[in-house]
Protein chains: 2
Amino acid sequence: MTRTDLTREADAPARRADGDIRVAVSTVIFTLRRPRGDERAAVVLPLVRRTRDPFEGQWALPGGWLDATEGLDAAASRTLAETTGLSPAYLEQLYAFGAVDRSPSRVVSIVYWALVREDETRTEPQENVDWFDAESLPDLAFDHNAIVDYALWRLRNKVGYSRIAHGLLPDVFTLAELREVYESILGRRLDPANFRRQVESSDTLIPTDDFRTGSHRPARLYRYDREVELADRGPLDIRH
Amino acid sequence: MTRTDLTREADAPARRADGDIRVAVSTVIFTLRRPRGDERAAVVLPLVRRTRDPFEGQWALPGGWLDATEGLDAAASRTLAETTGLSPAYLEQLYAFGAVDRSPSRVVSIVYWALVREDETRTEPQENVDWFDAESLPDLAFDHNAIVDYALWRLRNKVGYSRIAHGLLPDVFTLAELREVYESILGRRLDPANFRRQVESSDTLIPTDDFRTGSHRPARLYRYDREVELADRGPLDIRH
DNA sequence: GCAAAAGTGTTCGTCTTACACCCATGT
DNA sequence: ACATGGGTGTAAGACGAACACTTTTGC
């Protein structure tokens with residue numbers, strides 16, 4: 001089921017009288033794309049090409065209308081899956097955008113941001129969906145350029161005090177792979193020795209007995225400790 | 001103009017068909033109330049007593065319906081002024097709450113949080129408005145208890161890395177007064193010597209040539225440096 | 001003079017950073 | 001053997017907590 005037309009923010013499922021306010025849900029979903037060479041991985045995100053006015057032909061964030069029978073989180077998951085086929089490991093509300101002139105009709109967009117592992121993005125290619133480097137986006141529909149900028153800022157901020165890098169990695173990984181995630185997001189090199197000590201002293205990783213072999217000295221594989229409470233969203237995290 | 005009835009989340013200005021989603025705006029607005037003795041100041045907030053179902057007679061956050069002709073920030077300012085007469089110095093979006101069962105009808109609430117100085121709260125007393133200690137609230141309407149808990153968490157978090165204490169103080173103040181604000185919010189004593197050095201090295205305060213006299217050694221008065229960029233909300237702060 | 005708050009100095013332990021160095025493996 | 005990334009050691013500087021100490025006022 002491919003319903004890329006769900007990004008039509010200005011066309012309601014059922015037309016309403018003027019003066020009405022409609023609620024949309026959109027998601028900025030990031031993953032890391034590793035280039036062929038040894039260059040640093042790039043932060044990329046999927047966009048959906050609009051097939052109707054306004055902004056027909058331009059790229060926009062995946063999203064859709066909030067359904068009266070679903071909560072906001074559920075709407076974000078559903079519209080993201082319907083437009084791109086993705087099911088993110090990490091999903092969090094970003095901000096509510098509701099300027100009067102952000103769309104020809106009156107739309108309040110509840111925007112989420114999310115992370116997926118690169119291997120999860122290998123779904124069947126969707127029509128009108130493509131991936132873009134977060135650093136060099138084209139002109140997007142609505143206020144979506146500003147929204148992506150804000151989501152990038154939140155991502156870089158949060159990676160410093162939270163363990164969201166988890167959302168970009170498989171179950172087990174080496175410390176070098178974890179460090180590469182941080183380096184790609186922060187855009188700078190980190191000292192491998194100091195990085196190791198920091199994550200080890202944080203007690204959020206469990207070392208396994210397995211090693212990643214294939215090149216030089218084998219590296220120990222780690223997994224995240226599911227028992228560790230994140231508590232980076234305060235009382236909102238009480239939802240298990 | 002006292003329109004406390006604007007908190008009626010389940011009564012739209014114009015009734016609509018079932019299945020519709022309405023957008024409300026509410027605000028958690030804090031101030032500090034200094035008790036008579038030398039006890040620490042308490043974090044208090046105003047609530048509005050509901051005059052209609054649902055939750056008739058219970059206390060709720062001040063708020064109202066989003067108007068189609070105004071942005072979200074403007075709606076928060078307007079509904080707060082209409083229900084409580086307050087105009088906060090600091091106002092920031094907190095979170096969008098949209099669980100299906102949070103109200104008998106379908107309401108998405110964009111919630112803001114704000115700070116006012118205590119001297120600004122001396123407006124003419126409004127009907128059905130009262131102030132409550134944030135630590136010991138009664139059972140509120142809707143999910144407003146959880147919302148206040150989250151706002152308190154954000155306040156305590158943000159006071160650590162931002163200069164929001166500004167919003168609770170007059171133009172000029174002593175370092176002891178600034179420290180009292182931090183102590184009240186964080187709920188613990190701070191070392192005066194270390195506190196002084198921290199704020200001085202942060203370069204956000206401008207010392208004046210005036211002193212607060214009246215008790216013991218006079219204390220120098222400071223004011224906030226308006227030139228210092230806050231940048232604690234990332235790209236969203238570009239709004240001057 | 002004395003109490004009390006304003007303001008300064010100093011020490012100590014922890015965390016960050018930089019970088020030297022050893023270890024284990026594929027080629 | 002040697003190149004390379006995995007992993008450990010260590011010293012310098014930054015920073016925060018604790019607290020002794022000096023200064024300046026009201027009484």
Side-chain angles (χ1 to χ4, degrees), chain A residues 34-41 156-157 159-163 165 169-170 172-223, chain B residues 34 36-41 156-163 165 169-170 172-223:
Chain A
R34 296 166 215 290
R36 289 285 156 260
D38 341 75
E39 315 107 64
R40 194 138 66 251
R156 293 192 171 121
N157 244 308
V159 81
Y161 63 88
S162 184
R163 25 174 276 198
L169 287 171
V172 294
F173 47 86
T174 67
L175 289 184
E177 290 164 349
L178 179 61
R179 179 168 48 81
E180 279 169 30
V181 169
Y182 277 79
E183 289 178 344
S184 300
I185 293 174
L186 297 175
R188 60 186 170 92
R189 290 255 165 256
L190 300 175
D191 185 302
N194 297 329
F195 183 82
R196 161 181 303 273
R197 270 184 294 259
Q198 279 172 17
V199 304
E200 277 178 347
S201 68
S202 75
D203 273 335
T204 58
L205 293 190
I206 298 176
T208 71
D209 293 330
D210 300 323
F211 291 80
R212 169 94 69 230
T213 176
S215 72
H216 314 299
R217 173 172 171 177
R220 184 178 292 277
L221 290 168
Y222 291 80
R223 71 172 70 254
Chain B
R34 296 167 216 290
R36 288 287 156 259
D38 340 76
E39 313 108 64
R40 193 137 67 252
R156 294 193 170 119
N157 244 305
K158 198 142 191 173
V159 82
Y161 63 88
S162 185
R163 26 175 273 198
L169 287 171
V172 294
F173 47 86
T174 67
L175 290 184
E177 290 165 348
L178 180 61
R179 178 167 48 82
E180 279 169 31
V181 169
Y182 278 78
E183 290 178 344
S184 300
I185 293 173
L186 297 175
R188 61 188 171 90
R189 290 253 164 260
L190 299 175
D191 185 302
N194 295 330
F195 183 81
R196 163 182 302 274
R197 270 184 294 259
Q198 278 173 21
V199 305
E200 275 178 349
S201 68
S202 77
D203 273 335
T204 58
L205 293 190
I206 298 176
T208 71
D209 293 332
D210 300 322
F211 291 82
R212 169 96 66 230
T213 176
S215 72
H216 314 299
R217 173 172 174 177
R220 183 179 292 279
L221 289 169
Y222 291 80
R223 74 171 70 252

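Here is how names work: the chains are called A, B, and so on, in the same order as the sequence lines, proteins then strands, and each is numbered from 1. Keep in mind that the numbers below use all heavy atoms, side chains included, and drop hydrogens, waters and symmetry copies. Remember, it's a predicted structure, so these values are computed and weren't measured experimentally.
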Thr204(B): side-chain hydrogen bond (donor to acceptor under 3.5 Å, both in side chains) partners, not counting sequence neighbours: Ser202(B)
Between C1' of dA5(C) and CZ of Phe195(B), the distance in whole Å: 15 Å
Under the salt bridge (Lys or Arg N to Asp or Glu O under 4.0 Å) test, residues paired with Arg223(B) that sit two or more places apart: none
Those residues that, when tested against Arg212(A), pass salt bridge (Lys or Arg N to Asp or Glu O under 4.0 Å) (two or more places apart): Glu177(A)
Expected output: side-chain Arg220(B) to main-chain Thr208(B) donor-acceptor under 3.5 Å: yes
Donor-acceptor under 3.5 Å (Glu183(B) side chain, Leu190(B) main chain): yes
Any residue meeting salt bridge (Lys or Arg N to Asp or Glu O under 4.0 Å) with Arg156(B), in chain and number order, not counting sequence neighbours: Glu135(B)
Under 4.0 Å protein heavy-atom contact, by nucleotide of nucleotides 21-27 of chain C - B base, S sugar-phosphate only: --BBBS-
Range on DNA chain D touched by chain B, heavy atoms, distance below 4.0 Å: dA17(D) to dG26(D)
Test side-chain hydrogen bond (donor to acceptor under 3.5 Å, both in side chains) applied to Asp210(A) - qualifying residues, sequence neighbours left out: none
Heavy-atom donor-acceptor pair, Thr213(A) side chain to Pro218(A) backbone, under 3.5 Å: no
Non-hydrogen side-chain atoms of Leu178(B) and Leu205(B) separated by less than 4.5 Å: yes
Test item: Ser201(A) side-chain N/O and Gln198(A) main-chain N/O as donor-acceptor pair under 3.5 Å: yes
With sequence neighbours excluded, residues passing side chain to side chain contact (heavy atoms under 4.5 Å, CB included) with Asn157(A): Trp153(A)
Which residues share a salt bridge (Lys or Arg N to Asp or Glu O under 4.0 Å) with Glu200(A), sequence neighbours left out: Arg196(A)
Using nucleotides 9-14 of chain C, report all nitrogen or oxygen pairs with the protein that are shorter than 3.5 Å.
unit_1 : atom_1 : unit_2    : atom_2 : d
dG9(C) : N7     : Arg197(B) : NH1    : 3.0
dG9(C) : O6     : Arg197(B) : NH1    : 3.4
dG9(C) : O6     : Arg197(B) : NH2    : 2.8

Bracket notation of DNA chain C in which parentheses pair within the strand, [ ] cross earlier pairs, and | pairs with another strand (Watson-Crick or G-U, under 3.5 Å): |||||||||||||||||||||||||||
Closest nucleotide among dT16(C), dT8(C), dC19(C) to the Gln198(A) side chain: dT16(C)
Partners passing ring-ring contact (aromatic ring centres under 6.0 Å, His included) against Tyr222(B) (at least two apart in sequence or in another chain): none
Interatomic distance where CZ belongs to Phe211(B) and P belongs to dA6(C) [whole Å]: 12 Å
